[in-house]
Amino acid sequence: INNYEKAFEYFTLAMTLSPEDELIFDDFMDFVEISAFYKQATDFFEKQIDNDPYNTTVWFRMGIVANTKGDYAKALY
């Protein structure tokens with residue numbers, strides 16, 4: 001029903017509870033592309049990195065979001 005804000009909230013909750021679940025992340029990325037919530041997704045991953053700076057999965061996922069958005073400089077770091 002196009003309630004993207006609520007869907008984003010539930011996706012981030014699901015990824016927080018099950019951070020290694022690739023299916024949730026794949027669905028989240030589909031959602032981000034459809035809804036164009038690139039900024040919100042980047043902010044979410046930056047918060048996760050602040051909490052766990054050595055988590056390679058979060059760094060990798062943030063790079064994917066940045067690459068999908070076309071922010072190639074951010075995708076590299």
Side-chain angles (χ1 to χ4, degrees):
I1 34 183
N2 296 329
N3 191 349
Y4 293 128
E5 289 80 17
K6 196 60 146 174
F8 183 80
E9 179 183 332
Y10 284 121
F11 270 120
T12 56
L13 178 62
M15 286 193 301
T16 301
L17 295 174
S18 300
E20 302 301 322
D21 190 336
E22 290 296 322
L23 294 176
I24 294 172
F25 178 70
D26 291 342
D27 289 342
F28 176 72
M29 287 307 300
D30 290 341
F31 166 76
V32 168
E33 289 184 33
I34 290 168
S35 66
F37 271 38
Y38 298 110
K39 172 76 171 114
Q40 294 89 333
T42 301
D43 291 345
F44 170 73
F45 287 125
E46 285 177 349
K47 286 179 188 175
Q48 284 194 317
I49 287 169
D50 288 343
N51 292 332
D52 187 6
Y54 299 106
N55 187 330
T56 57
T57 303
V58 176
W59 279 104
F60 180 74
R61 290 177 175 177
M62 186 154 120
I64 292 173
V65 170
N67 186 52
T68 303
K69 182 182 174 188
D71 190 357
Y72 302 116
K74 189 167 197 143
L76 291 174
Y77 82 88

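The basis for the numbers below is simple: all heavy atoms, side chains too, and nothing from hydrogens, waters or symmetry mates.
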field: Partners passing side-chain hydrogen bond (donor to acceptor under 3.5 Å, both in side chains) against Asn55 (at least two apart in sequence or in another chain)
entry: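 Asp52.
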- request: Output all residues satisfying ring-ring contact (aromatic ring centres under 6.0 Å, His included) with Phe8, sequence neighbours left out; order by chain, then residue number.
  value: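 Here the qualifying residues are Phe28, Phe37.
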query: If two hydrophobic side chains count as joined below 4.5 Å and joins carry through other members, does Ile24 share a cluster with Ile34?
result: yes
- request: Spell out, as yes or no, whether a donor-acceptor pair under 3.5 Å connects the side chain of Trp59 to the backbone of Phe45.
  value: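 Pair absent, no side-chain N/O of Trp59 close to backbone of Phe45.
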task: List for me each residue that meets salt bridge (Lys or Arg N to Asp or Glu O under 4.0 Å) alongside Asp71, sequence neighbours excluded, and say none if there are none.
output: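 Counting only residues at least two positions away or on another chain, Asp71 forms no salt bridge (Lys or Arg N to Asp or Glu O under 4.0 Å).
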field: Residue list, salt bridge (Lys or Arg N to Asp or Glu O under 4.0 Å) with Lys39, at least two apart or on another chain
entry: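 Lys39 satisfies salt bridge (Lys or Arg N to Asp or Glu O under 4.0 Å) with Asp43 only.
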query: Which residue pairs pass the salt bridge (charged side-chain N to carboxylate O under 4.0 Å, His left out) test with at least one member in residues 4-26, sequence neighbours excluded?
result: Lys6-Glu9, Glu22-Arg61
message: Going by salt bridge (charged side-chain N to carboxylate O under 4.0 Å, His left out), name the pairs with one or both residues in residues 28-38, residues two or more places apart or in two chains.
response: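 Listed once each, the pairs would be none.
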message: As an exercise, state the distance from OG1 of Thr57 to CE of Met15, rounded to the nearest 0.5 Å.
response: 12.0 Å
Sequence-distant partners of Ile64, side chain to side chain contact (heavy atoms under 4.5 Å, CB included), two or more places apart: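 Side chain to side chain contact (heavy atoms under 4.5 Å, CB included) list for Ile64, sorted by chain: Phe25, Met29, Phe60, Thr68.
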query: How about Phe44 and Thr16: do any of their side-chain heavy atoms sit closer than 4.5 Å?
result: yes
